[in-house]
Amino acid sequence: MTTPLLGVCYYPEHWPEERWAWDAQKMREAGLSHVRIGEFAWSRLEAEPGHYTFDWLDRAIETLAAQGLKIVLGTPTATPPKWLVDAMPSMLGVDAFGRPRTFGSRRHYCFSHQGYRRECARIVEVLARRYGSHPAVVAWQTDNEYGCHDTVESYSEAARHGFREWLQQKYQSPEALNRAWGNVFWSMEYRSFEEVDLPFLAVTETNPSHRLDFQRYSSDQVVSFNRLQTDIIRRHAPGRDVVHNFMGWFTAFDHFAVSDDLDVATWDSYPIGFLDRDANSPERRARYMRVGDPDAQAFHHDLYRGCGHGRMWVMEQQPGPVNWAPHNPAPAPGAVRLWTWEAFAAGAELVSYFRWRQAPFAQEQMHEALLLPDSTLNEAWYAARDIAAEIADAGITLPQVRADVALVFDYEAAWAGQIQPQAQSYTYLGLMMDSYRALRANGLSVDIVPARAGAADGYSLVVAPGLSAPTDALIASLKPDEQIIVLGPRTGAKTADFAIPATLPPGAAIQSLIDIKVRRIDSLPEHASVPLADGGALSVWREFIVPGAGTQVLARTADGEGWHFTDADGRVHYLGGWADGATLAATLGDLARAAGLDTLTMHRDLRLRDLGEMRFVFNHGPETVDAAAVLEGYETLIGGALLAPCGVVVAQRVI
Ligand code: GAL
C-alpha cells in the first residue's frame, strides 16, 4: 500500500535566488512532496569546459530540502551546451535528409556518437559523485524525453559506423544478411558490411528488412546510452530510484528495454495537447476538447506501469494550457484533478506537475504552470493543494494489484506497421488503442505487457492484435487451457526478418493453436468499409482467411467471408479485420465473460478502474452522469454516484 504523492518540475536557475525559499515554502503549502530539478542546466553547471559551478545547485537543493521536499535530480544530457557542440560538431544528430541538426533548442545530439557519450559519462559522474548520497536526493532522472522532436534515428557518420558493426555482430557474414533481407531483389546484394549504408535518401522505399534493422539498431543506442548513465548513477547513488520520463504516443524505441535498467517508468502526460494525435473524430475532439481523450491517458499509464514492472510515475502533468499543440485550449474546471486521480487509480506513485512557475522568456513562455510569471498562485496550484488535502482527509492508500486482462504491446510491431503500412491509415498504436477502448467499454481494467514469453502468464484474457512477428517462445507460453487468447488482425503477419511466413500468416507457431491461413489482404481507403453480416463494419484492414478443419467461423462479413475464427474448443480466437468500436466492444465483452470475467456496460463518458477492493469512476464528458449502477456494493470515500463533469469517485467494496 502506498500513499499517492504530488510533485512539481522546477528550474531554480530561471529565477533569482532570493525567490527560492518562498517557492519552496509554497510548494510545501500546496502539499507537494517531490520536486524535479536540473535536467536542462548544463550551461549553468559547467559554463566552461571542466569548470564546474555547482554551488548554486548545492544551495537550491538545501533550500528545497529545508522545506522537507524530496529531490529528483535530472542529468542535463538533453541540452549539450554551445562550447561542447563547437568543440565536437560531429556529435550533432543528422536528419533523414542528411542535414545536421543545429544548436539553438535541445536534443541536438546523436545517440551513436562515442565522443558525446564520453562527455555525458563525465558530467553524470561528477554530478552523481557530488549528490549521490545526499539525503534529500531520492531519485535521478536520466536525460529528458528520449526521442522527443524526432531524434531517435540519426543518419550520421557515427550511426553509419555503429550500424555496420551492429549488422556484422548480428549476421556474421554479408551472405547471411543478404539472405535475411532478400537482397537478391532489385540487385541489392552486398559483398561486405562496409558497403551497407543507412536506409535513407534512396530513390524510392528502401528494403523493409533494412529499415527494421536500422530501427532496432537505433533503439539499441537509446538503451545503451541510458544504461551508460544508470550504471554511473547506481555506483554513486545506492538505494535511489533511477527513472526516465517517457512521452505519450511515441514508439520509436523499445521502452520496455530502456525500462529494464530503471526502477520506475515515468511519463509526461499532456491530455489536451495529445487529443489531436489520436484518430479521433471531429465530434470526439469537440466533446473532449478540455479534458483530452478519455482512454488516452489511462492507456499510457497502463503501458508505462507495464514498462516499469509495476512502478510508474507521471513526471510531467499538464497544469493548464500548453504551448506546443496546434491549438492549446484551457482545461475544463476540475480537469487537473481528474487527470491526477486517474493517474493514481492506474498505480502512479507520484504525479508531478510541469512546471512550477510560467517562464516569461524563451520557447515555452505560453505554457502555463502552477504559478503565473508574476508568482500569482494559478488554478493548478489550488488544484494540487485540494488533491493533497483530499488524499490526507480520506486517508487514501493504494494497493499494487494486477488486472485480469493483458493487452500485449510490442514496439517492433509499431515499427513494422510504419515501415510497411499497406493501408495508409493503419497504425499499430491506433489498433491497440481501439482494442483498449473496447475492453474499457466493458468496465475492464487492463495490464499492458511486453511481447515476451511468460509476460501474459496468469491473465484470464490475453489480447494481442497487430503483433507482427511474435516469437515462437511467446506463442508457446500462452495457455489456452487457462486463458482466452485473442489474436489478429495482422498478428503473425511477418517473420522476425520481415518476410511473409513460409506457411503464410499467422505463421506456424500460431497455426499450431488455431488452424487458419491468411491468403489475401484487403486494404481499405478512408471512405470505404466492409459491412458485417450482423451489423457493424471492418475498416482500414480486412483479411481473407482459409480456415482449416476444426476451425470454427463465429462471424462473417456481409459478403460471406469469415472474419472471427476460433479453434475447436473456442479458446483461441483470431479476428481478421479492424472492427468498429461497438463490434469490437461486443466481441471482446463476450470473450471476457467466456474467460469468467464480470463486465459492465459503461456510459460513453464514464471510465472505471478497479484496484483490488477499490473502484474509481471518472466522468470525462461535459454532462452530469449517474454512476450508481457501477457503484453497487461499494461505499464512496471521495465523490458521490452523481458525477459532474470531471467528477471523480473513489470507492471501497463493502460486499
Ligand atoms: C515536455 C518536456 C518539457 C517541456 C514540456 C512542455 O515534452 O519534457 O521539458 O518542454 O514538454 O509541455
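As the structure lists them, so they are numbered: ligands from 1, and atoms in each ligand from 1. Treat the numbers as computed from the prediction; the structure is a model and nothing was measured.
Ring-plane geometry between Tyr11 and His14 is classed as parallel, the angle between the planes falling under 30 degrees on a 0 to 90 degree scale with a further cut at 60.
Annotation for ligand 1: atoms under 4.0 Å from non-hydrogen atoms of Asn144 are 2 (C), 8 (O), 9 (O). Listed by number with element, the atoms of ligand 1 under 4.0 Å from a non-hydrogen atom of Glu145 are 1 (C), 2 (C), 7 (O), 8 (O). For ligand 1, the atoms closer than 4.0 angstrom to any heavy atom of Arg106 are 2 (C), 3 (C), 9 (O), 10 (O). Within ligand 1, the atoms closer than 4.0 Å to a non-hydrogen atom of Glu364 are 4 (C), 6 (C), 10 (O), numbered from 1 in the order shown. Residue Asp268 approaches ligand 1 through these ligand atoms, each under 4.0 Å from one of its heavy atoms: 8 (O). In the vicinity of Phe40, heavy-atom distances shorter than 4.0 Å reach the ligand 1 atoms 9 (O).
At least one side-chain heavy atom of Tyr109 sits less than 4.5 Å from a side-chain heavy atom of Asp143. Using a 4.5 Å cut-off on side-chain heavy atoms (C-beta onward), Thr75 and Ile233 make contact.
The N/O atoms of Asn323, backbone and side chain alike, include none that comes under 3.5 Å of an N/O atom in ligand 1. Any N or O atom pair closer than 3.5 Å counts here, and His367 shares at least one such pair with ligand 1.
Closest non-hydrogen pair, Leu370 versus Pro319, comes out as CD2-CB, 4.1 Å. In plain terms, the two heavy atoms of Tyr288 and Leu275 that are nearest each other are O-CD2, 3.6 Å.
Here the heavy atom of the protein found nearest to atom 3 (C) of ligand 1 is Glu316 OE1, 3.4 Å. For atom 5 (C) of ligand 1, the closest non-hydrogen atom on the protein side is Tyr270 OH, 3.3 Å.
Proximity of a side-chain donor or acceptor of Asn245 to a complementary backbone N or O of Trp267 within less than 3.5 Å is not detected.
The side-chain hydrogen bond (donor to acceptor under 3.5 Å, both in side chains) with Asp293 is formed by just one residue from the set His620, Arg287, Arg285, Arg437; it is Arg437.
Contacts with ligand 1 closer than 4.0 Å are made by no heavy atom of Glu39, backbone or side chain.
In this structure, Arg357 satisfies the cation-pi test against Trp15, with its NZ or CZ atom closer than 6.0 Å to the six-membered ring centre and inside 45 degrees of the ring normal.
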